[in-house]
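Sequential numbering from 1 along the given sequence is applied to the chain's residues.
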Amino acid sequence: MAHHLHASIARYEIQQLLQGFQTTCDFRERLRVYRAFCQSLETLAFCALLGRADVMGFSRGLMRAALHWKALLEHARDHEPGARVPASWNGPLLGAICCGPRSFACELAALSARAPTPPEYDDEFLSALLLQEYLRSRFVAGSEPADLEVLCERMEDYLGKQTPRAEVYRAVSRRDGRLFPEAFQAWNEEVAGELRTRAEAPGAPPALEVGRYIWLEGMAVLKLAEEEGLWVPDRIHRLIPPLARSAPTLAPSAVSLLLGHPVNEQELILP
C-alpha cells in the first residue's frame with residue numbers, strides 16, 4: 001500500500017510539473033523543474049520494482065529520468081554560458097549505468113561538471129567525479145587513463161580519514177578481487193545506516209520511504225565492477241534487490257520523453 005501511495009504522489013507531481021513547465025523559463029527554474037521531474041520518475045521506478053516486481057517499469061523509469069537529465073545538461077551547454085549543474089546530482093547517471101548502454105552513460109558523464117558547483121561539498125563532487133572519470137577512461141576511445149588513486153586521495157584528504165567508497169574505487173581501478181568485496185561490504189553497511197537515519201529523521205522527504213530500499217549508486221558500481229571480473233557474495237548485497245540486478249538494458253530510443261513535449265496521458269500510468 002505504501003508503494004502505491006508514493007507512486008500516486010510521484011505521478012501527481014509529474015502531472016503538476018508537466019502542466020506548469022514553460023520552455024522559455026530561466027535556467028534556475030528549468031533546473032528546479034527537471035530535478036524534481038527526474039526525482040519523481042526515479043520514485044516511480046522504485047515503486048514499480050518494489051510494489052509490483054515490474055523490472056521493465058524500473059528500467060523505463062530510470063532511463064526516462066536519464067534522458068531528461070541529458071536534455072537539461074545539453075541545454076546548459078548549448079544555451080546557458082557559464083551555467084553548471086552539480087555533478088553530485090547524478091541519480092540519472094547512476095540509472096543510466098544500471099539500465100542503459102555504456103555509450104549513453106558515457107554521454108551523460110561527458111556532459112557533467114568537472115568542478116564543484118554550489119551547493120555541493122567537495123567530497124560530494126569528488127565522489128561523482130570518481131565515477132565520471134572511470135567511465136571516461138574505461139569506455140571512451142582515445143581517453144587518457146584517469147588517475148583514480150589521486151582522486152581517492154583527494155577525497156580522503158578532504159575528509160581526513162579513509163573511506164569505504166574510496167577503497168571500492170581503488171579496488172575497481174586495480175581490479176583487486178581481494179580488496180573489492182571487503183570494501184564494498186563496508187560501504188554497503190555505511191550507506192544502509194545513513195539511509196535509515198535520514199529516512200527516520202523528522203521532516204524527511206516522503207520519497208526516502210521508497211529510496212531507502214534501493215542503493216542505486218551501489219548497484220551501478222557493482223555492475224561496473226562485475227564487468228571487470230570482480231565479485232561480491234550475494235549475502236552482502238543489502239539494498240540491491242535481486243530483481244533490480246535483472247532489470248533489462250534499454251536503448252534511449254525505446255523510452256519516450258514527456259517534459260516539454262506533447263503529453264500522452266496513457267504514458268503516465270507506467271514509470
Side-chain angles (χ1 to χ4, degrees), residues 6-7 9-47 60-100 103-122 124-125 127-129 131-132 135-136 205-208 210-211 216-217 220 250-265 267-268 270-271:
H6 289 302
I9 293 171
R11 194 171 290 114
Y12 174 77
E13 290 174 347
I14 284 174
Q15 290 171 324
Q16 294 299 108
L17 292 166
L18 283 168
Q19 291 170 7
F21 178 63
Q22 300 291 328
T23 57
T24 55
C25 66
D26 64 23
F27 186 72
R28 183 187 297 269
E29 174 64 6
R30 182 181 290 267
L31 177 58
R32 182 194 71 80
V33 171
Y34 268 76
R35 191 181 187 205
F37 196 79
C38 290
Q39 287 174 334
S40 292
L41 287 170
E42 183 179 293
T43 296
L44 277 180
F46 287 5
C47 288
R60 187 180 292 116
L62 293 182
M63 280 298 291
R64 184 176 280 171
L67 277 168
H68 280 89
W69 203 244
K70 180 171 179 281
L72 172 71
L73 295 175
E74 288 175 335
H75 179 89
R77 179 196 62 193
D78 298 338
H79 304 291
E80 305 286 344
R84 285 212 311 259
V85 179
S88 57
W89 295 2
N90 64 350
L93 172 58
L94 299 174
I97 294 170
C98 294
C99 301
S103 57
F104 179 68
C106 287
E107 289 176 31
L108 272 172
L111 289 164
S112 299
R114 289 290 193 275
T117 304
E120 70 185 346
Y121 294 104
D122 281 1
E124 294 173 328
F125 165 71
S127 297
L129 187 64
L131 184 61
Q132 291 170 203
L135 287 169
R136 182 186 61 78
L208 266 179
V210 177
L216 199 58
E217 183 177 10
L250 298 181
S253 59
V255 184
S256 61
L257 284 169
L258 288 175
L259 192 57
H261 296 260
V263 178
N264 177 356
E265 294 293 334
E267 291 183 346
L268 295 177
L270 295 173

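Under the side-chain hydrogen bond (donor to acceptor under 3.5 Å, both in side chains) criterion, Glu13 pairs with Ser40, not counting sequence neighbours. Applying the side-chain contact (heavy atoms from CB on, under 4.5 Å) criterion to Gln132, with sequence neighbours excluded, gives Ala87, Leu93, Ala109, Ser112, Arg114, Ala128, Leu129. For Arg77, the side-chain hydrogen bond (donor to acceptor under 3.5 Å, both in side chains) test picks out no residue, with sequence neighbours left out.
Shown here for Ala7 and Leu44, the closest heavy-atom pair between the two residues is O-CD2, 3.5 Å. A pairwise comparison of heavy atoms in Cys47 and His6 identifies SG-CB, 3.9 Å as the closest pair. Counting all heavy atoms, side chain and backbone alike, Thr23 lies closest to Arg30 at O-NH2, 2.7 Å. Residues Ala96 and Leu108 come closest through the heavy atom pair CB-CD1, 3.8 Å. The two atoms that bring Ala66 and Pro92 nearest to each other are CB-O, 3.5 Å, heavy atoms only. Considering all non-hydrogen atoms of both residues, Gly61 and Leu41 come closest at O-CB, 4.0 Å.
The distance from atom CD of Glu124 to atom OG1 of Thr117, rounded to the nearest 0.5 Å, is 11.5 Å. Atom CD1 of Ile9 and atom CD1 of Ile14 lie 12.5 Å apart (nearest 0.5 Å). To the nearest 0.5 Å, atom CD of residue Gln15 and atom CG of residue Leu18 are 7.5 Å apart. To the nearest 0.5 Å, atoms SG (Cys38) and CG (Leu62) are separated by 10.5 Å.
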Does Cys99 form a side chain to side chain contact (heavy atoms under 4.5 Å, CB included) with Leu250? I'd like the steps, not just the answer. CA-CA 6 Å; Cys99 301; Leu250 298 181; 5.9 Å; no

Candidate pair Arg35 and Trp69, rule side chain to side chain contact (heavy atoms under 4.5 Å, CB included), full reasoning: CA-CA 8 Å; Arg35 191 181 187 205; Trp69 203 244; 4.1 Å; yes

Might you work through the side chain to side chain contact (heavy atoms under 4.5 Å, CB included) test for Ile97 and Leu135, ending with a clear yes or no? CA-CA 10 Å; Ile97 294 170; Leu135 287 169; 3.9 Å; yes

Just do the side chain to side chain contact (heavy atoms under 4.5 Å, CB included) check on Leu94 and Leu131 with the steps written out, would you? CA-CA 9 Å; Leu94 299 174; Leu131 184 61; 3.4 Å; yes

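The closest donor-acceptor contact from the side chain of Glu120 to the backbone of Ser88 lies under 3.5 Å. At distances below 3.5 Å, at least one donor-acceptor pair connects side-chain atoms of His68 with backbone N or O atoms of Leu259.
Between Leu31 and Trp89 there is a side-chain heavy-atom pair separated by less than 4.5 Å. Using a 4.5 Å heavy-atom cutoff, the side chains of Leu17 and Tyr34 are not in contact.
The aromatic rings of His75 and Phe27 lie parallel to each other, with less than 30° between the two planes, well short of the 60° mark.
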